[in-house]
Amino acid sequence: IYKSGEKINITGKVINKGLADKKGLKVVLKNNEQVFYTSSVFDLGIGKEYNFNASLIQFVSFVLKIESADVVVKENVEVVKPNIEISIDAPTVVGSKDFDYVITLKNISSVVLNNNVKIDIEGMALQSYDLIFEPNEIKTIKNKISINKNTDIKIFLYGDVEKTSSCNV
C-alpha cells in the first residue's frame, strides 16, 4: 500500500529458464495499460538474467502490468489518500482558572503517516510535535491553559496530511 503522491519504485528481473538463447527482448511496464517504462532491447543467454527498475508517482490505485516476450504479470497496486481526524475537547465557557483541553488525532488511513502538529492559541504558536501514526492509531495531546477572553485554539497539521482545525473557548 502506498500513499497518494508517493514515489513507487519497481524492480524486477527477467530470467531465461529456457533451452535456447533469447534475442531482441525488452521489458514494458504499464500503469492501467498506459506504458510508462520500456527497457532497451537485450539478449539473454540460457540461465542469464536482466534486471530492470523504474518508478512512478500515483495518486490512485492502479494495475501494474509487466510484459517481456510472451510473459505477462499483472498486479493490483493500492494507493490511498492519507487522512487524519482531529478533535479538540475543551469547555465552552471557562473562568479565569486554568483548564485542560485535549486534542485527539486519529490516522484513518491504512498507511503510516508522518506529521507535524502545531498548536496555536490566539496567534501564538505554543507547541509543536513531530508524530508518526501507524494505521488507525490514535494519539492524544493534553494541555492546560488559562485565558481571560474568548480564545481560539487552532491545530495545524503539516506533512503527509495538511489540515487545520479550531475550537473557540
Quiz item: Does I145 share a hydrophobic cluster with Y129, counting links as ILVMFWY side-chain heavy atoms below 4.5 Å and allowing steps through other members?
Solution: yes
Exercise. Would you indicate whether the side-chain heavy atoms of V117 and I141 approach each other to under 4.5 Å?
Key: yes
Quiz item: Which heavy-atom pair separates F59 from G5 by the least distance, and what is that distance?
Solution: CE2-CA, 3.4 Å
Quiz item: Between CZ of F133 and CD1 of I108, what distance do you get to the nearest 0.5 Å?
Solution: 11.5 Å
Quiz item: Centre of F42's six-membered ring, under 6.0 Å away, within 45 degrees of the axis: is that where NZ or CZ of K26 sits?
Solution: no
Practice problem: Would you indicate whether Q34, at its atom CD, is surrounded by more than 12 heavy atoms from other residues, nucleotides or ligands within a distance under 6.0 Å? | Solution: no
Quiz item: Same cluster or not: are I121 and L157 linked, directly or through other Ile, Leu, Val, Met, Phe, Trp or Tyr residues, by side-chain heavy atoms under 4.5 angstrom apart?
Solution: yes
Quiz item: How far does OG1 of T104 sit from CD1 of I138, to the nearest 0.5 angstrom?
Solution: 7.5 Å
Quiz prompt | Exceeds 12 heavy-atom contacts within 6.0 angstrom, atom CD1 of I132 | solution = no
Quiz item: In terms of hydrophobic clusters joined by side-chain contacts under 4.5 Å, are L64 and L56 together?
Solution: yes
Quiz prompt | Residue pair V41, L25: steps toward the side chain to side chain contact (heavy atoms under 4.5 Å, CB included) verdict | solution = CA-CA 5 Å; V41 175; L25 299 174; over 6 Å; no
Self-check item: Side chains of K13 and I15 in contact at under 4.5 Å (non-hydrogen atoms)
Solution: yes
Practice problem: State whether the side chain of E162 and the backbone N or O of G159 hold a donor-acceptor pair below 3.5 Å, judged by distance alone. | Solution: yes
Quiz item: Are N116 and F156 close enough, and set up right, to give a side chain to side chain contact (heavy atoms under 4.5 Å, CB included), and what steps lead you there?
Solution: CA-CA 8 Å; N116 177 268; F156 299 93; over 6 Å; no
Quiz item: Any side-chain heavy atom of I8 within less than 4.5 Å of one from I57?
Solution: no
Quiz item: Looking at T11, L29, T38, which hits side-chain contact (heavy atoms from CB on, under 4.5 Å) with F52?
Solution: L29
Quiz prompt | Pairwise distance OG1(T140) to CD1(I103) - rounded to 0.5 angstrom | solution = 9.5 Å
Quiz item: Would a hydrophobic clustering, with Ile, Leu, Val, Met, Phe, Trp and Tyr connected at side-chain separations under 4.5 Å, put Y2 with L113?
Solution: no
Quiz item: How many angstroms lie between atom OG of S110 and atom CD of E78, to the nearest 0.5 angstrom?
Solution: 5.0 Å
Quiz item: If you round to the nearest 0.5 Å, how far is CZ of F36 from CG of N31?
Solution: 6.5 Å
Quiz item: Between the side chain of N107 and the main-chain N/O of E134, is any donor-acceptor distance below 3.5 Å?
Solution: yes
Exercise. Establish, from distance only, whether the side-chain atoms of Y101 and N143 form a donor-acceptor pair under 3.5 Å.
Key: yes
Exercise. Specify the closest pair of heavy atoms between N53 and Y37, including all atoms of both residues, with the distance to one decimal.
Key: O-CE1, 3.7 Å
Quiz item: Would a hydrophobic clustering, with Ile, Leu, Val, Met, Phe, Trp and Tyr connected at side-chain separations under 4.5 Å, put Y158 with V161?
Solution: no
Quiz item: Minimum heavy-atom separation for N136 to K106, with atom names?
Solution: O-CE, 4.0 Å
Exercise. Provide the closest heavy-atom pair for V79 versus S61 in the form atom of the first, atom of the second, distance.
Key: N-OG, 2.9 Å
Self-check item: Q127 side chain near K118 side chain, heavy-atom distance below 4.5 Å
Solution: no
Self-check item: Reported CG-to-NZ distance for the pair N32 and K65, which is rounded to 0.5 angstrom
Solution: 11.0 Å
Self-check item: Derivation and outcome, side chain to side chain contact (heavy atoms under 4.5 Å, CB included), residues L131 and N115
Solution: CA-CA 5 Å; L131 301 175; N115 263 85; 5.5 Å; no
Quiz prompt | Test item: side-chain donor near acceptor, N83 and K163, under 3.5 Å | solution = yes
Quiz item: Any sub-3.5 Å donor-acceptor pair from S4's side-chain atoms to K81's backbone N or O?
Solution: no
Exercise. Inspect the contact between K144 and D100 and indicate whether a charged nitrogen and a carboxylate oxygen are less than 4.0 angstrom apart.
Key: yes
Quiz item: Would you say N168 and N150 make side-chain contact, with heavy atoms under 4.5 Å?
Solution: yes
Exercise. Compute whether any side-chain donor of one residue and acceptor of the other, for E49 and N16, lie under 3.5 angstrom apart.
Key: no
Quiz item: Which atoms form the tightest heavy-atom contact between I88 and I153, and what is the distance?
Solution: CD1-O, 3.9 Å
Quiz item: Is a side-chain N or O of S55 found less than 3.5 angstrom from the main chain of N9, in a donor-acceptor match?
Solution: no
Quiz item: Any donor-acceptor pair under 3.5 Å linking the side chain of D152 with the backbone of K154?
Solution: no
Quiz item: Looking only at heavy atoms, what is the nearest atom pair of D160 and N114, with distance?
Solution: OD2-N, 2.7 Å
Quiz item: What's the verdict on side chain to side chain contact (heavy atoms under 4.5 Å, CB included) for V60 and Q58, showing C-alpha distance, side-chain angles and the deciding distance?
Solution: CA-CA 6 Å; V60 295; Q58 268 306 108; 4.0 Å; yes
